[in-house]
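Side-chain atoms are counted along with the backbone in the values below, which use heavy atoms only and exclude waters and symmetry mates.
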Amino acid sequence: MAAFVVRRIAAGALLVLVISFLSYTLLSIPGLDVGRQLLGQSASQDLVDAKNAALGLDRPVLVQYLDWLAHAVRGDLGTSWFTSENVVRAIANRLPVTISLMAGVTLVTAVLAFLLGVWAGVRRGAVDRFVQVFSVIGYALPNFLVTLVLVLVFAVHLRWFPAIGYVGIGESFSGWLSTVLLPVLSLSVGSVAGVAQQVRSSVIEVLRQDYVRTLRARGLPPSRIVLRHVLRNASAPALAVLGMQFVGLLGGAVLVEQIFGLPGIGSMTVTYTTRGDIPIIMALVMLTVIGVIAVNLVVDILIGWLNPKARIA
């Protein structure tokens with residue numbers, strides 16, 4: 001298992017390096033006059049050129065990238081060109097909001113999807129048809145439509161939750177819960193639908209295996225067969241789908257944070273990308289890439305633990 005983890009980490013580090021270079025190169029496209037954006041259209045060209053030189057933008061892109069990389073590996077991600085805010089501090093202030101959403105959606109998805117999937121795969125019949133219909137509808141519904149319905153019903157008509165805003169968990173737990181519940185639910189519908197369908201299919205496939213028939217013939221209780229044998233073998237493909245859903249949530253979080261007025265990484269990405277603030281954008285790209293790699297690593301480790309044959313791949 002240790003060699004398996006080391007191989008995955010080494011591959012992840014190489015991927016981070018390649019993506020960081022490609023991202024920096026693409027962001028440094030010709031014509032992106034940062035000095036002009038900072039000083040305004042009325043500034044003289046000499047002042048604009050001096051500003052670009054002060055930011056190091058007059059150097060070749062490769063030199064700029066190597067300079068950024070040398071500072072990044074030491075934990076220095078620089079300061080925002082437009083707000084002069086320390087990049088690490090700016091992201092640290094926003095990160096708890098997005099982590100609240102991602103952790104909440106992952107928890108809701110893992111619990112509900114496995115319950116629905118196992119229920120449908122074991123019971124079949126009407127329960128199976130209900131879960132399949134729910135999965136199709138839940139997966140097909142766009143996030144913005146689910147969000148709109150939740151806001152109109154629970155925030156506007158019932159007034160149970162605020163429509164916008166965010167309260168930190170350190171300020172008030174109930175306030176934090178009330179501000180993240182609707183965003184988490186809006187992101188969870190599609191995620192639960194997708195994972196539940198995979199769990200259902202995996203459970204049905206495992207239940208058809210010969211060793212399950214043997215266990216039944218020996219008189220083991222059905223609940224013990226499902227919990228101790230079927231669920232373990234059916235979890236590997238479901239975990240892979242759960243990991244992919246988590247990665248996909250990063251894109252959905254951008255829209256949901258904008259709608260609910262949450263000061264998270266998603267809304268930050270939109271704001272700073274339109275400005276061309278490379279230090280902030282590069283930090284956000286690296287954070288996303290490392291997050292995706294970390295999630296995939298955890299999923300690979302769990303799958304390798306559930307199915308030792310997977311460690312060989």
Fill in: Stepwise side chain to side chain donor-acceptor pair (under 3.5 Å) test for Asn86 and Thr79
CA-CA 4 Å; Asn86 182 276; Thr79 58; over 6 Å; no
Worksheet item: For Asn52 and Asp58, what are the C-alpha separation, side-chain angles and deciding distance, and is it a side-chain contact (heavy atoms from CB on, under 4.5 Å)?
Response: CA-CA 6 Å; Asn52 285 330; Asp58 57 339; 5.7 Å; no
Worksheet entry | side chain to side chain donor-acceptor pair (under 3.5 Å) assessment of Tyr65 paired with Ser20 | CA-CA 9 Å; Tyr65 168 72; Ser20 68; 2.8 Å; yes
Item to complete: Show your reasoning for whether side-chain contact (heavy atoms from CB on, under 4.5 Å) applies to Lys51 and Leu47.
Response: CA-CA 6 Å; Lys51 187 64 179 178; Leu47 285 176; over 6 Å; no
Practice prompt. Assess whether side-chain contact (heavy atoms from CB on, under 4.5 Å) is satisfied between Thr83 and Tyr272, documenting all intermediate values.
Written response: CA-CA 10 Å; Thr83 64; Tyr272 285 87; 3.9 Å; yes
Item to complete: Kindly determine whether Phe161 and Leu185 satisfy side-chain contact (heavy atoms from CB on, under 4.5 Å), including the steps that lead there.
Response: CA-CA 12 Å; Phe161 305 101; Leu185 290 178; over 6 Å; no
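Under a 3.5 Å cut-off, the side chain of Asp67 and the backbone N or O of Val63 do not form any donor-acceptor pair. The closest donor-acceptor contact from the side chain of Arg74 to the backbone of Ala70 lies under 3.5 Å. Checked by atom type and distance alone, the side chain of Asn296 pairs as donor or acceptor with a backbone atom of Val292 at under 3.5 Å. For Ser186 (side chain) and Pro183 (main-chain N/O), a donor-acceptor pair under 3.5 Å exists by modelled atom type. Looking at Asp277, its side chain never comes within 3.5 Å of a backbone N or O of Ser80 through a donor-acceptor pair. Arg36 places a side-chain N or O within 3.5 Å of a backbone atom of Ala43 that can act as its donor or acceptor partner.
Annotation: Arg228, atom CZ; neighbour count of heavy atoms from other residues, nucleotides and ligands within 6.0 Å does not exceed 12. Atom CG of Leu148 is surrounded by more than 12 heavy atoms from other residues, nucleotides or ligands within 6.0 Å. Within a 6.0 Å sphere centred on CZ of Phe82, other residues, nucleotides and ligands contribute more than 12 heavy atoms. Counting non-hydrogen atoms of neighbouring residues, nucleotides and ligands closer than 6.0 angstrom, the CZ atom of Arg123 reaches no more than 12 such neighbours. When the shell of 6.0 Å around OH of Tyr211 is examined, it contains more than 12 heavy atoms from other residues, nucleotides or ligands. Residue-environment remark: CH2 (Trp176) exceeds the threshold of 12 foreign heavy atoms within 6.0 Å. Residue Gln209 places its CD atom among more than 12 non-hydrogen atoms of other residues, nucleotides or ligands, all under 6.0 Å distant.
Across Ala283 and Val87, no two heavy atoms sit closer than the pair CB-CG1, 3.4 Å. Taking every heavy atom of both residues into account, Leu152 and His157 meet most closely at O-CD2, 2.8 Å. Shown here for Val180 and Leu101, the closest heavy-atom pair between the two residues is O-CD2, 4.3 Å. Between Val88 and Gly75, the shortest heavy-atom distance links the atoms CG2-O, 4.0 Å. Among all heavy-atom pairs drawn from Ala163 and Val151, the shortest one is CB-CG1, 4.3 Å. In terms of heavy-atom proximity, Ala196 sits nearest to Leu116 at CB-CB, 4.2 Å.
The aromatic rings of Phe154 and Trp160 are tilted relative to each other, their planes meeting at an angle between 30° and 60°. Using bins of under 30°, 30° to 60° and over 60° for the plane-to-plane angle, the ring pair Phe130/Phe134 lands in the parallel bin.
Hydrophobic clustering (side-chain heavy atoms under 4.5 Å, transitive across Ile, Leu, Val, Met, Phe, Trp, Tyr) groups Leu262 together with Val156. Note on Leu27 and Leu62: same hydrophobic cluster, where clusters join Ile, Leu, Val, Met, Phe, Trp and Tyr whose side-chain heavy atoms are under 4.5 Å apart, directly or indirectly.
Electrostatic pairing of Arg200 and Asp128 counts as a salt bridge here, judged by a charged N lying under 4.0 Å from a carboxylate O.
Note: Leu14 CG to Ile293 CD1 = 9.5 Å, rounded to the nearest 0.5 Å.
Remark: the Ser201 side chain and the Glu205 side chain contain no N/O donor-acceptor pair separated by less than 3.5 Å.
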